[in-house]
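Sequence positions, counted from 1, serve as the residue numbers for this chain.
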Amino acid sequence: MTSAGGRSPAVYRGAAPGGPEFCAASAALKGPASGKPTGQGHRRLGSPGASGRRVSSRAGPGWGCGSRCRPREPGSARGPGAAPGRGRVLSQAGVKVLVPVRCWKLLRQPQRARSPSRRQPPPPRAMIAWRLPLCVLLVAAVESHLGALGPKNVSQKDAEFERTYADDVNSELVNIYTFNHTVTRNRTEGVRVSVNVLNKQKGAPLLFVVRQKEAVVSFQVPLILRGLYQRKYLYQKVERTLCQPPTKNESEIQFFYVDVSTLSPVNTTYQLRVNRVDNFVLRTGELFTFNTTAAQPQYFKYEFPDGVDSVIVKVTSKKAFPCSVISIQDVLCPVYDLDNNVAFIGMYQTMTKKAAITVQRKDFPSNSFYVVVVVKTEDQACGGSLPFYPFVEDEPVDQGHRQKTLSVLVSQAVTSEAYVGGMLFCLGIFLSFYLLTVLLACWENWRQRKKTLLVAIDRACPESGHPRVLADSFPGSAPYEGYNYGSFENGSGSTDGLVESTGSGDLSYSYQGHDQFKRRLPSGQMRQLCIAMDRSFDPVGARPRLDSMSSVEEDDYDTLTDIDSDKNVIRTKQYLCVADLARKDKRVLRKKYQIYFWNIATIAVFYALPVVQLVITYQTVVNVTGNQDICYYNFLCAHPLGNLSAFNNILSNLGYILLGLLFLLIILQREINHNRALLRNDLYALECGIPKHFGLFYAMGTALMMEGLLSACYHVCPNYTNFQFDTSFMYMIAGLCMLKLYQKRHPDINASAYSAYACLAIVIFFSVLGVVFGKGNTAFWIVFSVIHIISTLLLSTQLYYMGRWKLDSGIFRRILHVLYTDCIRQCSGPLYTDRMVLLVMGNIINWSLAAYGLIMRPNDFASYLLAIGICNLLLYFAFYIIMKLRSGERIKLIPLLCIVCTSVVWGFALFFFFQGLSTWQKTPAESREHNRDCILLDFFDDHDIWHFLSSIAMFGSFLVLLTLDDDLDTVQRDKIYVF
């Protein structure tokens with residue numbers, strides 16, 4: 001039972017046994033524990049001549065005495081472990097004493113003797129006489145225990161707000177301060193207790209207990225907080241804000257008490273002050289500035305106004321350190337506002353200069369919440385340095401001056417209309433591409449019908465009597481007159497030369513020296529070209545077609561000895577044409593390239609399902625624990641929806657999925673048209689243009705859709721552990737685009753789907769290794785740089801020799817032989833000068849990237865590896881376009897517009913990408929320094945615009961690959977050169 005001060009009752013120690021003082025003490029010990037004070041303050045017991053000890057007016061149960069009563073401590077032989085019935089344990093003020101059973105019966109005998117049915121004769125006087133000394137010894141033992149553990153004096157005084165009290169306290173004294181204030185239902189007033197201990201001693205600390213109507217707050221001063229590695233940080237000045245539970249009455253006067261006690265035997269001086277907090281309730285749109293330290297945390301209350309369902313709490317500071325924590329907690333008591341307990345409930349995030357938390361009304365039934373701001377004892381959580389270890393073990397670390405000035409602003413978040421507007425805007429942008437595609441398809445269909453009608457009514461060519469065909473020409477340039485790049489001696493570009501070179505069934509492969517790169521000159525305006533139809537297109541290249549073979553397996557073709565010999569002869573020519581590398585059955589190649597699509601579809605399913613499950617788990621952990629340091633959002637523009645914390649970052653990835661699906665539909669339409677042309681034996685479809693294989697295009701469209709899905713999964717909870725989800729299919733897109741470029745001129749010798757995806761798997765494997773082990777690991781960077789350079793050399797060799805080389809054990813002998821014959825024995829230039837120049841430039845760029853990685857060792861290895869892939873794709877794309885133009889080919893209007901528009905969109909997209917709204921290379925608190933407000937419709941940020949523009953740019957890049965060689969659709973394949 002406690003006194004008015006919450007302490008154990010003081011026992012009168014100055015009375016003589018058997019005297020009036022002893023009787024008063026016994027009455028105090030045996031009195032009822034009603035808990036109600038019998039008088040004001042405290043009363044002094046005993047005669048005036050007795051020792052002046054004061055006892056509390058609240059009495060607890062006491063002890064009597066009897067014969068053979070020997071008090072034992074609980075740990076003695078007959079302590080708690082003794083057999084039942086041997087004794088009873090009495091507890092008073094936290095002290096337990098074992099009383100024998102016979103003594104216990106004697107103590108309780110007066111109460112039982114009152115019953116008439118159980119009346120017993122009184123004990124003899126001689127027995128009472130020799131039991132009395134034992135009782136006196138028992139009372140003396142109990143009093144000695146209580147006197148050693150509890151204070152002897154309790155001082156209670158009425159206190160006032162806004163007044164500083166400077167008092168002393170020791171183990172013999174407890175100070176109690178009584179405060180009262182008026183609480184109104186519609187008005188919340190904050191109360192703050194400030195304590196400063198003036199004595200710097202390492203002994204017993206002071207204990208402050210604040211007792212309120214529905215809460216108790218206790219803390220010791222000096223306050224000791226623990227940091228990393230259990231470092232101790234000591235604070236002499238402590239301030240705490242009292243929790244203010246709401247009242248049901250219109251107005252009510254509430255009392256609260258501040259108890260001050262210590263076990264230190266010497267006086268300890270302290271200062272106590274209780275203030276009212278004027279700006280305890282935050283208002284919407286009003287900035288409030290305050291100071292705080294680790295031992296002086298601050299928290300404020302915010303109440304949702306009517307009609308407001310979501311607000312964003314923004315906290316800013318001009319300096320990064322000391323590190324602080326922002327927490328949003330429900331209006332409940334107690335409030336967790338210390339560094340060691342602020343993460344127990346609610347939502348929280350660490351902070352250096354910026355912090356922002358979006359709060360929704362539905363998460364707080366009371367329509368209000370607390371904004372808690374705590375300064376951490378250490379800066380390590382925010383990326384700062386740790387203080388030095390103390391020289392003495394377990395010695396408190398000197399904190400110095402760790403005060404931080406912060407400003408808090410609560411503003412209304414976006415409304416439901418903004419969500420609807422953002423979704424409609426996103427859908428409108430990408431569905432407009434569907435509409436534009438339909439219009440272009442209708443225009444192209446109308447143009448083709450008009451062209452067919454003109455051909456039907458046009459007059460026949462005088463040479464052959466067959467209808468003439470209008471050749472497509474690039475505006476402002478001349479139509480084809482043949483190619484000077486490796487051109488035939490008989491092939492001057494005229495119709496006669498075309499007939500002479502192909503009609504005889506035997507081609508001449510002699511070339512015109514080094515004039516192959518001579519560019520043709522424009523020959524004036526567009527003119528009609530009559531194509532002689534007297535000959536058949538079948539004997540192109542004097543090779544038989546294999547469409548009638550009963551088996552369409554690729555191995556059946558390659559294992560024929562005579563065709564193998566013919567293949568080797570053809571591929572060793574100085575200059576190759578597409579007809580030389582398009583000799584395999586188109587049905588075989590169609591099956592071969594369709595494997596690309598089915599493989600990536602299978603990979604997508606097995607890759608996406610665990611990713612979706614993992615990010616859902618991440619989001620659940622964030623919602624349950626409230627730890628917003630797990631995910632690296634742009635918290636100033638993160639709009640939650642349901643369980644998702646940043647719905648806008650997920651919605652903006654819709655463009656990848658919709659445009660990827662649109663590209664698949666375009667490829668499907670092209671494939672249908674091509675198959676119809678083959679069914680009607682269209683000679684242009686059979687023998688002209690780049691061979692049409694659509695499997696890689698289907699794989700590219702699927703990869704674009706999966707990039708959107710996995711990017712959305714990454715933005716559910718972006719962090720360094722799942723960044724690979726956002727980049728895996730970017731690697732695949734870059735690899736598939738390069739394979740498609742190579743396939744255009746090398747349809748027979750392109751890599752198989754199995755080897756291609758195996759190489760991409762190795763790339764992703766290195767990406768994971770780099771993210772996990774690459775940070776500062778010199779051995780890893782050396783190995784990766786060596787592999788990067790070797791891969792660049794192998795790819796350059798493949799492009800220069802157009803696949804006419806073999807990687808085996810004799811490669812080094814052949815390299816030495818070439819060096820000896822071409823560089824030592826005689827100095828001869830490269831056979832393909834333009835190709836050599838471009839490949840040397842590409843190697844220089846790749847070697848520079850490898851050197852940069854080895855020297856700088858960037859932390860974001862996944863982005864570094866993706867940059868290597870994109871740079872090589874752009875280099876190969878530039879190489880292809882330059883070689884195409886050097887070969888005398890041209891670019892039609894639609895692919896040219898696609899190239900220009902795509903380049904512009906890529907430029908704007910990269911601008912928004914490099915804004916860097918967050919980065920998981922730093923701590924979450926440092927990442928939030930890069931956060932910015934929304935810039936589009938108050939709903940989308942810079943990274944969302946990157947998603948919009950990059951999806952459009954990728955779609956445009958795919959269209960460039962699809963239409964780049966449309967100018968060759970009327971050119972025979974033995975006139976299209978390989979590079």
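- Counting only distance, with no hydrogens or angles, the side chain of Arg928 and the backbone of Thr923 share no donor-acceptor pair below 3.5 Å.
- Side-chain contact annotation: Ser194 with Arg273, donor-acceptor N/O pair under 3.5 Å absent.
- For an aromatic pair to be called close, the ring centres must be under 6.0 Å apart, and Tyr270 with Phe208 satisfies this.
- Interatomic distance, Glu378 CD to Phe321 CZ, rounded to the nearest 0.5 Å: 12.5 Å.
- Between Leu710 and Ala608, the shortest heavy-atom distance links the atoms CD2-CA, 4.2 Å.
- Side-chain contact check for Pro297 versus Leu338: some heavy-atom pair is nearer than 4.5 Å.
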From CA spacing to verdict: side-chain contact (heavy atoms from CB on, under 4.5 Å), Lys404, Ser317: CA-CA 8 Å; Lys404 191 168 187 176; Ser317 178; 3.4 Å; yes
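- Taking Ser918 as the reference, nothing meets the side-chain hydrogen bond (donor to acceptor under 3.5 Å, both in side chains) condition, with sequence neighbours excluded.
- In this structure the side chain of Ser368 reaches within 4.5 angstrom of the side chain of Lys301, judged on heavy atoms.
- Rounded to the nearest 0.5 angstrom, Leu287 CG and Leu282 CG are separated by 10.0 Å.
- Between Val195 and the options Leu272, Leu206, Leu223, a side chain to side chain contact (heavy atoms under 4.5 Å, CB included) holds for only Leu272.
- For the pair Val615/His715, no side-chain contact is recorded, criterion being any heavy-atom separation below 4.5 Å from C-beta on.
- The side-chain heavy atoms of Val277 and Tyr299, taken from C-beta on, include no pair separated by under 4.5 Å.
- A donor-acceptor distance shorter than 3.5 angstrom exists from the side chain of Asn623 to the backbone of Asn643, with no hydrogens or angles considered.
- Within 6.0 Å of CD in Gln613 there are 12 or fewer heavy atoms belonging to other residues, nucleotides or ligands.
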What's the verdict on salt bridge (Lys or Arg N to Asp or Glu O under 4.0 Å) for Asp259 and Arg211, showing C-alpha distance, side-chain angles and the deciding distance? CA-CA 8 Å; Asp259 302 348; Arg211 294 179 287 118; 2.9 Å; yes
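- Using a 30° and 60° split on the angle between ring planes, Phe288 and Phe300 fall in the perpendicular class, above 60°.
- At distances below 3.5 Å, not a single donor-acceptor pair connects side-chain atoms of Gln915 with backbone N or O atoms of His943.
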Applying side-chain contact (heavy atoms from CB on, under 4.5 Å), run through Asn649 and Asp941 and close with a yes or a no. CA-CA 8 Å; Asn649 294 145; Asp941 59 12; 3.7 Å; yes
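- Note that CG of Leu651 is 11.0 Å distant from CG of Leu644, once rounded to the nearest 0.5 Å.
- Between the side chains of Ser407 and Thr289, a donor-acceptor pair is found at a separation under 3.5 Å.
- Between Tyr714 and Phe723, the two ring planes are perpendicular [angle over 60°; tilted spans 30° to 60°].
- Judged purely by atom type and a 3.5 angstrom limit, Gln296 has no side-chain atom pairing as donor or acceptor with the backbone of Thr293.
- Within the 3.5 Å criterion, the main-chain N or O of Cys934 finds no donor-acceptor partner in the side chain of Asp938.
- Looking only at atom types and distance, the side chain of Ser645 has a donor-acceptor partner in the side chain of Gln619 under 3.5 Å away.
- Note on ring orientation: taking the six-membered ring where Trp is involved, the planes of Tyr607 and Phe729 are perpendicular (angle over 60°, cut-offs 30° and 60°).
- In plain terms, the two heavy atoms of Ser310 and Gln360 that are nearest each other are OG-CG, 4.0 Å.
- Side-chain contact check for Tyr370 versus Cys243: some heavy-atom pair is nearer than 4.5 Å.
- Using a 4.0 Å cut-off between charged nitrogen and carboxylate oxygen, Arg192 and Asp278 do not count as a salt-bridge pair.
- When only modelled atom types and interatomic distance are considered, Thr284 and Gln412 share no side-chain donor-acceptor pair under 3.5 Å.
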Yes or no on side-chain contact (heavy atoms from CB on, under 4.5 Å) for Asp933 and Lys314, after CA distance, side-chain angles and deciding distance? CA-CA 11 Å; Asp933 293 323; Lys314 303 177 183 178; 3.7 Å; yes
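- Looking only at side-chain heavy atoms (C-beta outward), Asn279 and Phe290 stay at 4.5 Å or farther from each other.
- Partners of Cys382 according to the disulfide bond (SG atoms under 2.5 Å apart) rule, which considers only residues two or more places apart in sequence or in another chain, are Cys323.
- Contact detail for Glu162 and Asn275: the closest heavy-atom pair is OE1-OD1, 3.1 Å.
- For the atom pair OG (Ser327) and CZ (Phe369), the distance works out to 11.0 Å, reported to the nearest 0.5 Å.
- In this structure, Asn931 contributes its side chain and Phe635 its backbone to a donor-acceptor pair below 3.5 Å.
- The minimum heavy-atom distance linking Ser951 with Gly655 is given by the pair CB-C, 3.8 Å.
- Between the Asp337 side chain and the Val372 main chain, no donor and acceptor come within less than 3.5 Å of each other.
- For the pair Gln212 and Gln254, the minimum side-chain heavy-atom distance is 4.5 Å or more.
- For Phe161, the CZ atom sits in a packed shell: over 12 heavy atoms of surrounding residues, nucleotides or ligands are nearer than 6.0 Å.
- Rounding to the nearest 0.5 Å places OG1 of Thr164 at 6.5 Å from CD of Gln271.
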Between Ile945 and Asp942, is the side-chain contact (heavy atoms from CB on, under 4.5 Å) condition met? List the steps. CA-CA 5 Å; Ile945 298 178; Asp942 299 74; 5.7 Å; no
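- In Arg361, the CZ atom is crowded: over 12 heavy atoms of neighbouring residues, nucleotides or ligands sit closer than 6.0 Å.
- Panel note: side chain Gln329, backbone Tyr336; a donor-acceptor pair is recorded below 3.5 Å.
- Considering all non-hydrogen atoms of both residues, Thr727 and Ala862 come closest at OG1-CB, 4.4 Å.
- Cys713 and Val611 get closest at one heavy-atom pair: CB-CG1, 3.7 Å.
- Ring geometry for Phe861 against Tyr864 counts as tilted: the plane angle lies between 30° and 60°, on a 0 to 90° scale.
- Under the 3.5 Å distance criterion, with hydrogens and angles disregarded, no donor-acceptor pair is assigned to the side chains of Gln628 and Tyr633.
- A distance-only check finds no donor-acceptor pair linking the side chain of Tyr632 to the backbone of Tyr720 [under 3.5 Å].
- Using a 4.5 Å heavy-atom cutoff, the side chains of His930 and Thr919 are in contact.
- Within a 6.0 Å radius of CG in Leu609, more than 12 heavy atoms belonging to other residues, nucleotides or ligands are found.
- Put simply, the side chain of Asp629 gets close to the backbone of Thr350: a donor and an acceptor are under 3.5 Å apart.
- In this structure, Phe939 and Phe647 have perpendicular ring planes: the angle between them is above 60°, well past the 30° mark.
- In this structure, NZ on Lys353 lies 13.0 Å from CG on Leu406, to the nearest 0.5 angstrom.
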